[in-house]
Asker: 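Encoded as structure tokens, here's the structure I'll be asking about.
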Amino acid sequence: MSKENPVKVKFYNGENIPLELHKVRVVQKLNLVPVERRLAALYEGGFNTFRLSTKDVFLDMLTDSGTNAMSDQQIAAMMQADDAYAGSQSFFRLQKAVEEVLKKKYFLPVHQGRAAENILSCAYIKKKGGLIPMNYHFTTALAHITQYGGRIVELLYGEAYNLSSSHPFKGNMDIEKLEQVIRETGVENIPFIRMEASTNLIGGQPFSIQNLREVRRVADKYGIRVVLDASLLGENAYLILQREPGFEHATMAEVIALMTGLCDIVYFSARKLSSSRGGGICTNDETIYRELEALVPLFEGFLTYGGISVREIEAMAVGLYETLDETMICQSPQYIEYLVKALSSQGVPMVTPPGVLGAHVDAMTLCGHIPQTQYPAGALAAAFYLVSGVRGMERGSISNQRDEEGNETYADMELLRLAVPRRVFTLSQIKYVEDRMVWLHRHRHLIGGLKFVYEPPVLRFFMGGLEPVSDWPSQLIAQFKKDFGDSL
Ligand SMILES: *Cc1c(COP(=O)(O)O)cnc(C)c1O
């Protein structure tokens, strides 16, 4: 399916090895602590990988948020930051980058992606509630929409729920369903349509330009605004270049401009989009800008810093330009493709086709013996940390929120996400992940379920505490010792 490696290097032996077009000049030492320490760390952290301390973590594959490697150009730009409460030159450089890369002239800075979700939900949902049609939810987007009294409806095509698929655009929105929802709900009850680039929770799966054009057509027909969550915009654009007929020879800049041009409001987390901190909302519509403007000083800070340090603003600006560099953007998706193919070929159930931001293991299949009430994806995340020191993230029912009546809602997919931040890991580290996951898959029957002992009311996955339903971790360690001896 995928086009030739964009770095355009063929290997004599025919292998398709991701080749980096960068060198590593600053390094950070890692720890690989013994398995007994990892077990203790799991108990201290409530079997929740968010609560581990990095001193106990070998490869941190929790997230790509704020963990992509920065470039020398970004670090250099941070040195010229202009400290000012109002009117900072750093802000104007960022505004220019937004205009040149995202092609939107009005820009509101916010401290991170979810702050944009807060502002949009406050402006458009708080007074009247309403229904937000979307391709799929993201945890923080859903939490903000529901906090302000809104509801969501997810309109993916059925194929998106098929984890083992070859469909190139599982993030596409079902256009017929969209029209049907609009007709049934009434335009006046739909504040906006939300499209998420590289749909995160279904395994970083992209939508196509063709699909976004159809969403736009329906939105125009009914006079509804389209909001793009562009946190993973660069990767979605890269996969369009790789997979969408007609875009084989397009550039990143062209595809990104097409995507943002089809949407009225674009918001993003710069922790992902530009490998720094911060976030933003942008538009070409002055009315929209005025509707949102006042909320930035209320929640974030003055309009020329939005809760972001000026150094990070400089890094964000450079990072936005770097998003247009295909040899940079391809690095993480290529490692992910490598890992997904390696694991799939050895029988580990993976989300396919390979998406972006991480490799996703299908925990519902791998832990088929663990009922969903005992959180198979959370159990797999804990077990994998135990046997490897690698920290992934549960993206399943623990990451879901309870419904209005307080009932547990089970996720459509139980995934263990192994995030691959850009330009951070080496191929030998990826091979270590492969090796330990293949071992764990062979011994999967030793993994047991989890239960909550502490459940926060909002975004429970961040700080929730769990414990194993039986003493399965000791049995897993015993098998590990048998096979690996005193190897870490
Ligand atoms: C991470 C993410 C967000 C939230 O961004 P933060 O900077 O973590 O607040 C929103 N949407 C998507 C698609 C994301 O991946």
Asker: Side chains of Y410 and N400: any donor to acceptor distance under 3.5 Å?
Answerer: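 Result is no, nothing qualifies.
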Asker: Going by heavy atoms in the side chains, are L233 and L102 under 4.5 Å from each other?
Answerer: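 Yes, their side chains come closer than 4.5 Å.
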Asker: Please confirm whether the backbone N or O of G234 pairs with a side-chain atom of T323, one donor and one acceptor, at under 3.5 Å?
Answerer: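 Checking the backbone N and O of G234 against the side chain of T323, no donor-acceptor pair under 3.5 Å is found.
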Asker: Rounded at 0.5 Å granularity, tell me how far SG in C367 sits from CG in L380.
Answerer: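 That separation rounds to 4.5 Å.
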Asker: Can any side-chain N or O of T365 pair as donor or acceptor with the backbone N or O of D362 at less than 3.5 Å?
Answerer: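 Looks like no, no N/O pair under 3.5 Å.
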Asker: Answer whether the closest heavy-atom distance between the side chains of C263 and M195 falls below 4.5 Å.
Answerer: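 Contact flag for C263/M195 side chains = no.
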Asker: Could you walk me through whether R271 and S65 pass the side-chain hydrogen bond (donor to acceptor under 3.5 Å, both in side chains) check?
Answerer: CA-CA 5 Å; R271 300 175 64 86; S65 178; 2.7 Å; yes
Asker: Would R395 count as a cation-pi partner of F461, with NZ or CZ less than 6.0 Å from the six-membered ring centre and within 45° of the ring normal?
Answerer: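 Yes, R395 sits over the ring of F461.
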Asker: Quick one: which of R243, K272, R422 gives a salt bridge (Lys or Arg N to Asp or Glu O under 4.0 Å) with E235?
Answerer: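 That would be R422; it is the only one of R243, K272, R422 passing the salt bridge (Lys or Arg N to Asp or Glu O under 4.0 Å) with E235.
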Asker: State, with a plain yes or no, whether a side-chain heavy atom of E179 is found less than 4.5 Å away from one of K221.
Answerer: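 Side chain of E179 against side chain of K221, heavy atoms only: contact under 4.5 Å found.
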Asker: So which atom in I119 and which in E300 form the shortest heavy-atom distance, rounded to 0.1 Å?
Answerer: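 Taking I119 first and E300 second, the nearest heavy atoms are CD1-CG, 4.1 Å.
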Asker: Would you compute the distance between atom CD1 of I329 and atom CG of N68 and round it to the nearest 0.5 angstrom?
Answerer: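 Answer for the CD1-CG pair, I329 versus N68, is 8.5 Å.
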Asker: Just checking, is any N or O donor in the side chain of E117 or T140 under 3.5 Å from an acceptor N or O on the other one?
Answerer: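 Distance-only check passes for E117 and T140.
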Asker: Heavy-atom distance under 4.5 Å between the side chains of D56 and R38, does that happen here?
Answerer: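 In short, these two side chains do not touch, never coming nearer than 4.5 Å.
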Asker: May I ask you to test the R391-T54 pair for a side-chain heavy-atom distance under 4.5 Å?
Answerer: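 A side-chain contact exists here, since the closest heavy-atom pair is under 4.5 Å.
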Asker: Specify the closest pair of heavy atoms between G280 and A116, including all atoms of both residues, with the distance to one decimal.
Answerer: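 The pair with the smallest heavy-atom distance is O-CB, 4.2 Å.
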Asker: Just checking R402: does its CZ atom have more than 12 heavy atoms from other residues, nucleotides or ligands closer to it than 6.0 angstrom?
Answerer: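 Counting other residues, nucleotides and ligands, CZ of R402 exceeds 12 neighbours.
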Asker: Looking at side-chain heavy atoms only, is the closest gap between L120 and I265 below 4.5 Å?
Answerer: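 Yes. Closest side-chain heavy atoms under 4.5 Å.
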Asker: Could you tell me whether the side chains of R417 and N200 share a donor-acceptor contact shorter than 3.5 Å?
Answerer: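 Looking only at side-chain atoms, N200 and R417 do form a donor-acceptor pair, the distance falling under 3.5 Å.
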Asker: Would you mind checking if R151 and E404 are paired as a salt bridge, meaning a charged N to carboxylate O distance below 4.0 Å?
Answerer: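 Salt bridge absent between E404 and R151.
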Asker: Backbone N or O of H441 within a donor-acceptor pair of the R444 side chain at under 3.5 Å?
Answerer: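 The answer is yes, because a donor-acceptor pair under 3.5 Å joins these two groups.
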Asker: Strictly by ring-ring contact (aromatic ring centres under 6.0 Å, His included), give each pair with a member in residues 358-404 just once, sequence neighbours left out.
Answerer: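 Only Y375-F452 qualify under ring-ring contact (aromatic ring centres under 6.0 Å, His included).
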Asker: Less than 4.0 Å between a side-chain N and a carboxylate O, is that true for E159 and K170?
Answerer: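 Looking at K170 and E159, the cut-off is not met.
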Asker: If only side-chain N and O atoms count, and only distance matters, is there a donor-acceptor pair under 3.5 Å linking K128 with Y148?
Answerer: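 No donor-acceptor contact under 3.5 Å links the two side chains.
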Asker: For Q180 and E176, which I'm curious about, is there any donor-acceptor pair between the side chains at under 3.5 Å?
Answerer: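 The criterion, which ignores hydrogens and geometry beyond distance, is not satisfied for E176 and Q180.
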Asker: Show, in sequence, the C-alpha distance, side-chain angles and deciding distance for E394 and T49, and conclude whether the side chain to side chain contact (heavy atoms under 4.5 Å, CB included) test is met.
Answerer: CA-CA 8 Å; E394 191 268 1; T49 55; 5.9 Å; no
Asker: Please check if any side-chain donor atom of Q210 sits under 3.5 Å from a side-chain acceptor atom of E244, or the reverse.
Answerer: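 No.
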Asker: Could you tell me if the ring centre of Y43 sits under 6.0 Å from that of F47?
Answerer: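 Yes, they do, as the ring centres are separated by less than 6.0 Å.
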Asker: Indicate yes or no: at least one non-hydrogen side-chain atom of L201 is less than 4.5 angstrom from one of M413.
Answerer: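 SC-SC contact between L201 and M413 ruled out.
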Asker: Would F268 and L228 count as a side chain to side chain contact (heavy atoms under 4.5 Å, CB included) if you check the C-alpha gap in whole Å, the side-chain angles of each, and the deciding distance to 0.1 Å?
Answerer: CA-CA 8 Å; F268 59 93; L228 176 66; over 6 Å; no
Asker: Keeping R51 on the side-chain end and M463 on the backbone end, is there a donor-acceptor pair under 3.5 Å?
Answerer: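 Checking the backbone N and O of M463 against the side chain of R51, a donor-acceptor pair under 3.5 Å is found.
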Asker: Counting neighbours of CG on D486 that are heavy atoms of other residues, nucleotides or ligands and sit closer than 6.0 Å, is the number greater than 12?
Answerer: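 No, the 6.0 Å shell around CG holds no more than 12 heavy atoms from other groups.
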Asker: Do the side chains of I398 and L466 get nearer than 4.5 Å, heavy atoms only?
Answerer: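 Counting from C-beta outward, L466 and I398 do come under 4.5 Å.
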Asker: Tell me whether K481 is salt-bridged to E36, with the criterion being a basic N under 4.0 Å from an acidic carboxylate O.
Answerer: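 Yes, charged N to carboxylate O under 4.0 Å.
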Asker: Could you give the distance from CE (M364) to CG (L163), rounded to the nearest 0.5 Å?
Answerer: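 It is 7.5 Å, given to the nearest 0.5 Å.
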Asker: Can you name the nearest heavy-atom pair linking A342 to S345, along with the distance?
Answerer: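 Smallest interatomic distance, heavy atoms only, reads O-OG, 2.9 Å.
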Asker: Side chain of D471, backbone of P473: donor and acceptor closer than 3.5 Å?
Answerer: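 Between the backbone of P473 and the side chain of D471 there is no qualifying donor-acceptor contact (under 3.5 Å).
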Asker: Is a side-chain N or O of S208 found less than 3.5 angstrom from the main chain of N211, in a donor-acceptor match?
Answerer: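 It does hold such a pair.
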Asker: Given 3.5 Å as the limit, does a donor-acceptor pair link the side chain of N135 with the main chain of G171, or not?
Answerer: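 Yes, because the side chain of N135 sits within donor-acceptor range (under 3.5 Å) of the backbone of G171.
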Asker: Going by atom types alone, do Q401 and T146 pair a side-chain donor with an acceptor below 3.5 Å?
Answerer: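 Result is yes, a qualifying pair exists.
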Asker: What about F58 and Y432, are their ring centers closer than 6.0 Å?
Answerer: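 Judged by ring-centre distance (under 6.0 Å), F58 and Y432 do meet the cut-off.
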Asker: I need the minimum non-hydrogen distance between V181 and P133, along with the two atoms involved.
Answerer: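 Nearest heavy atoms, V181 then P133: CG1-CG, 4.5 Å.
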Asker: What heavy-atom pair brings A143 and L459 nearest, and what distance separates the two atoms?
Answerer: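 Looks like CB-CD2, 3.9 Å.
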Asker: Just do the side chain to side chain contact (heavy atoms under 4.5 Å, CB included) check on M173 and I193 with the steps written out, would you?
Answerer: CA-CA 10 Å; M173 183 178 273; I193 298 166; 3.8 Å; yes
Asker: Would you give the length of the straight line joining atom CD1 of I430 to atom CD1 of I336, rounded to the nearest 0.5 angstrom?
Answerer: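 Result: 8.5 Å between the selected atoms.
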Asker: Would you find a donor on one side and an acceptor on the other, under 3.5 Å apart, between the side chain of R194 and the backbone of Y136?
Answerer: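 Between the backbone of Y136 and the side chain of R194 there is a qualifying donor-acceptor contact (under 3.5 Å).
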Asker: Looking only at non-hydrogen atoms, find the nearest pair between A123 and L295 and report the distance.
Answerer: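 For A123 versus L295, the nearest heavy atoms are CB-CD1, 3.8 Å.
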Asker: Taking side-chain hydrogen bond (donor to acceptor under 3.5 Å, both in side chains) as the definition, give me every residue that meets it alongside H443, ordered by chain and number, with sequence neighbours left out.
Answerer: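 Partners of H443 under the side-chain hydrogen bond (donor to acceptor under 3.5 Å, both in side chains) test: W439, D483.
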Asker: Side chain to side chain contact (heavy atoms under 4.5 Å, CB included), that's the test. Do R213 and I209 meet it? Break it down for me.
Answerer: CA-CA 6 Å; R213 282 187 172 134; I209 291 287; 3.7 Å; yes
Asker: Main chain of R423, side chain of Q331: is a donor-acceptor contact present, judged purely on distance under 3.5 Å?
Answerer: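 Judged by distance alone, yes, a pair lies under 3.5 Å.
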Asker: Do the two ring centres, one from F169 and one from F207, sit under 6.0 Å apart?
Answerer: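 Centroid distance F169-F207: not below 6.0 Å, so no.
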Asker: Between OH of Y238 and OG of S198, what distance do you get to the nearest 0.5 Å?
Answerer: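 Interatomic distance, Y238 OH to S198 OG, rounded to 0.5 Å: 12.0 Å.
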Asker: Please check: side-chain N/O of Q205 versus main-chain N/O of T199, any donor-acceptor pairing under 3.5 Å?
Answerer: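 Such a contact is absent between Q205 side chain and T199 backbone.
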Asker: Once you round to the nearest 0.5 Å, how far does OG1 of T409 lie from CG of D403?
Answerer: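 Going from the OG1 atom of T409 to the CG atom of D403 covers 6.5 Å.
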